[in-house]
Amino acid sequence: MTTQALLEAAIAAHTAGHWEVATAGYQAVLNTDPNHAAAHHGLGVLIIERGQFDLGLTHLQQALEIAPDVGLYWQAFAEGLLLDGRAADALTVIEQAQANGLETTAAAELKARLVQMITPSLYASIDAQEPTVTEIDALFTQFEQGQNEAAQQLAQTLTERYPNHPLGWKMLGTVLAQCQRSQEAVTALEKALQLKSDDAECLNTLGVAFEDLAQLDKALIYYAFAAKCAPHFVAAFYNLAKLSRRLGQADDAKLYCQRALAIDPQHVKSYLVLGAILRDEQKFEKAIDCYQQALTLQPNNAEIFSSLGNTQLAFSQLNSALISQQRAVQIQPDHPEILSNLGNAFQRLGRLDESAAMYKKALDLCSSNRPTERKQIASQLLTVMLQSNDPEMLAIRGNTNRAFNRLDDAISDYKQALAINAPRKIYSSLLFSLNYHPDQSAEEIFSVYQEFNQRVAEPLHCNWQPHTNDRALKQQLKIGYVSPDFRAHSTLYFLEPLLARHDKTQFEVTAYAELTSEDVITERYRQYVDHWVSTRNLTDAELAARIRADQIDILVDLAGHTSNNRLSVFAYRPAPIAISWLGYAYTTGLTAIDYFLTDEIMTPAGSEHLFSEMPWRIATPAYVYRPMHGIGEVNLSPAQARGYVTFGTLTRAIRINHHTIRVWSTLLHRLLNSRLVVNSKDFTSAAMQTDLIERFAAHGITADRLEIGYHSPPWDVLRGIDISLDCFPHNSGTTLFETLYCGVPFITLASRPSVGRLGSSILTGIGHPEWIANSEDEYIEKAVALANDLPRLAAIRASLRDELKTSPCCDEIGFARRIEQAYRAMWIKWATAQNKNE
């Protein structure tokens, strides 16, 4: 990358708030060219924004010395001096700039501010009038008792009586800030600082006012200045921590928390911020310890219990999370956000009726005039905390909307959250939801993936470095698999056979395991790999560095945008070749990932424009399936005993949309004695069952023809199904293989690549492409034809398992060799290109 490109990337990262990335980028420019004025300027501004005035001023001064004819550098140096409390020096710099003919409008405005600041300070030293002890005591008494109006009036009186004494202005600004009259507070506090520039409390309160006005850069600087003026002022360090976390600067925020707790080990608010940071980093055990430490200090604090519950929920400690949230509600039963958090715990446990009741209660507290009828709970779902414009609450509402299959509302919530300032995981939630949208085109959906890449991944590209891997066509390649699912998870049926069959003379395998907890399946995975690396406590930068140090040749992402993914690590490009496969079935959106491993059915020729990666096609299918033990034998056709056909689907609610309901309803109308089974964990609650029944009723299908609920294991349900119905435009996955293994054929609709063609790939692999439809009408006709031929259904049921077991879908050795040939071809392509470029 050229020096100019590095600089532009650093500036982009700086603008986007990715300070660590920007710092590395500016430093990379200076490593190449130590006299690069623009890099010194950018780095100096960034360092001062982080509160390190001395080092920042050094870089700004260097920029000025290298390029003294750039007015911007004079102005930046003067502003840095001003922020460091050196107003007189700043004025001298501006006057020098003017003398050199570099005056700008901004410089003239800055000079006017400096003159105003310096002159009253000189005057104040002459006028030594001060408020009396009685006046001061009265003011502080009113302030401490919360009598804001009286305190404001008395502070106003002091500013009129003693205009050159800082106390009146400071207290006036403090009261106004508490009343959220932030712009007026700024005016008063700036006047106080003109009279006493090193008042840490005043500086801190000014930071609060600027933060309330969403002028976050100014807020951060004033908090930092307050901390510099008073190194033991815990409130300043706490505010620095809180705001740094809000800006996405986790490392800085942790340092500020640690500093605050070193000053005051009983500062509970700092424990809360530190716990939240650790939770964001998925260091759940440490976050839980942090909250429990806070509870030893304040055992009846509802906020701590609720934060602890949120972390336990993220850590999949569902019962513990429920207990913590219930305790929080006992302590503070009228707090909407805490009630919503309890609703989230109920939701994760599948107790959707209780979840909806909590959301309703929270909603009622937020806006009592909203309708509260039971049937409107699901349709309104959570307008909870909307007025707070809190991205986390918007994301919670989005998750709930998605659980109730209201995709448009969920997508709107995620987009609102992202428009504020939301973490990357909300982007993953948005993209995951878009995959299931029944009416958006593939092009519309892909455009959001491209936006994700531009906003989240591209600022990290300045970290790209040349790879030093041995380019020889070596015998053994190093493969790294990155996944949060090396545990009891549906990926087991597809990943385990590959890892078990890898040729270890040709491939050295490392598992990068992003696990919050391990189980017996984890131990099985450990046995298949050469190296096991736990990644839970590693930041993205640390994990990328580890992968690079491990000299991984090919890095494979197995999660996509599913929960606990580590896609940001791939944006650092830590390995020469990066691949996406298995866990997501569609593009990641990252141009830093080279290939999407697929087949010609899932991703047909001409669909390349819908992927950020290059589709690398192997012979169909692009998966291999190892059935779970204990499924039992295939039973006889249910239709022969019942006299009617039972259709079924074992899918999540998000896949069932108005298109599938219309098509399935048409099928039931065409076959008057037929029934439909819908079975998945999403339909545990009566609310979800009732909602789906009502959606079918709109098409004239009565409830007695539907069997909706949840039973596990799924193969017990499959024994009662004759024909399975795949969903569209997003097909099912694991359940399609389980369906075939139980002797049940399925009808699929070939829709958009690649999530809409999983069923087509599987049926092609097993040798039954005749069950693939290319339109909704054809889908109906194929299902009707199959249902009207009961002898054929019985014959299919008797032979289908053996067909699957002998097909490429279950050929573990053959699949492993196909994957390995693809890996080898990718490596040769990369090594050859690198050698040509030298």
Could you measure the distance from the [atom1] atom of [X] to the [atom2] atom of [Y]? Nearest 0.5 Å is fine.
X      : Y      : atom1 : atom2 : result
Ile426 : Asp413 : CD1   : CG    : 10.0 Å
Arg695 : Ile661 : CZ    : CD1   : 3.5 Å
Tyr572 : Asp540 : OH    : CG    : 5.5 Å
Ile772 : Leu749 : CD1   : CG    : 10.5 Å
Phe452 : Thr588 : CZ    : OG1   : 7.5 Å
Leu499 : Phe494 : CG    : CZ    : 14.0 Å

Compare every heavy atom of [Y] with every heavy atom of [X], then report the nearest pair and how far apart it is.
X      : Y      : result
Pro574 : His467 : C-NE2, 3.6 Å
Pro729 : Asn657 : CD-ND2, 3.6 Å
Tyr625 : Cys810 : O-SG, 3.4 Å
His699 : Ser665 : CB-OG, 3.5 Å
Leu498 : Ala816 : CD1-CA, 3.9 Å

> Testing Gln450, Glu613, His561 for side chain to side chain donor-acceptor pair (under 3.5 Å) with Thr587, which one passes?
Replying inline: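 Checked Gln450, Glu613, His561 against Thr587; only one passes side chain to side chain donor-acceptor pair (under 3.5 Å): Glu613.
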Do you see a donor-acceptor pair shorter than 3.5 Å between the side chains of [X] and [Y]?
X      : Y      : result
Arg652 : Tyr436 : yes
Glu443 : His609 : yes
Asp439 : His658 : yes
His437 : Asp408 : yes

Main-chain N/O of [Y] paired to [X] side chain as donor or acceptor, under 3.5 Å:
X      : Y      : answer
Trp464 : Ala571 : yes
Ser732 : Thr735 : no
Arg566 : Thr535 : yes
Glu608 : Gly606 : yes
Arg536 : Leu515 : yes
Thr764 : Pro769 : no
Tyr779 : Asp726 : yes

Tell me which pairs pass salt bridge (charged side-chain N to carboxylate O under 4.0 Å, His left out) where either residue lies in [range], with sequence neighbours left out.
range            : value
residues 577-601 : Arg573-Asp594
residues 760-774 : none
residues 481-496 : Asp485-Arg487, Glu496-Arg524, Glu496-Arg626

Going by the angle between their ring planes, with limits at 30° and 60°, are [X] and [Y] parallel, tilted or perpendicular?
X      : Y      : answer
Tyr525 : Phe486 : perpendicular
Trp827 : Trp830 : tilted
Phe446 : Tyr449 : parallel
Tyr823 : Tyr481 : tilted

Is the shortest heavy-atom distance from the side chain of [X] to the side chain of [Y] under 4.5 Å?
X      : Y      : answer
Ile577 : Leu555 : no
Leu610 : Tyr586 : yes
Leu407 : Ile654 : yes
Ile656 : Thr651 : yes

>> Test side chain to side chain contact (heavy atoms under 4.5 Å, CB included) on His669 and Ile701; report intermediate values, then the result.
In response: CA-CA 8 Å; His669 282 303; Ile701 302 300; 3.5 Å; yes
> Do Leu590 and Ser612 pass the side chain to side chain contact (heavy atoms under 4.5 Å, CB included) test, and can you show the C-alpha distance, the side-chain angles, and the key distance before you say yes or no?
Replying inline: CA-CA 6 Å; Leu590 297 183; Ser612 296; 5.8 Å; no
>> Please determine whether side chain to side chain contact (heavy atoms under 4.5 Å, CB included) holds for the pair His659 and Val663, giving the CA-CA distance in whole Å, both sets of side-chain angles, and the decisive distance to 0.1 Å.
In response: CA-CA 6 Å; His659 292 289; Val663 168; 5.6 Å; no
>> Check this for me: does any side-chain nitrogen of one of Asp409 and Arg402 sit under 4.0 Å from a carboxylate oxygen of the other?
In response: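 Arg402 and Asp409: not salt-bridged.
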>> Strictly below 4.0 Å, N to O, side chains only: are Lys415 and Glu451 in salt-bridge contact?
In response: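 Not counted as a salt bridge, because no side-chain N and carboxylate O are separated by less than 4.0 Å.
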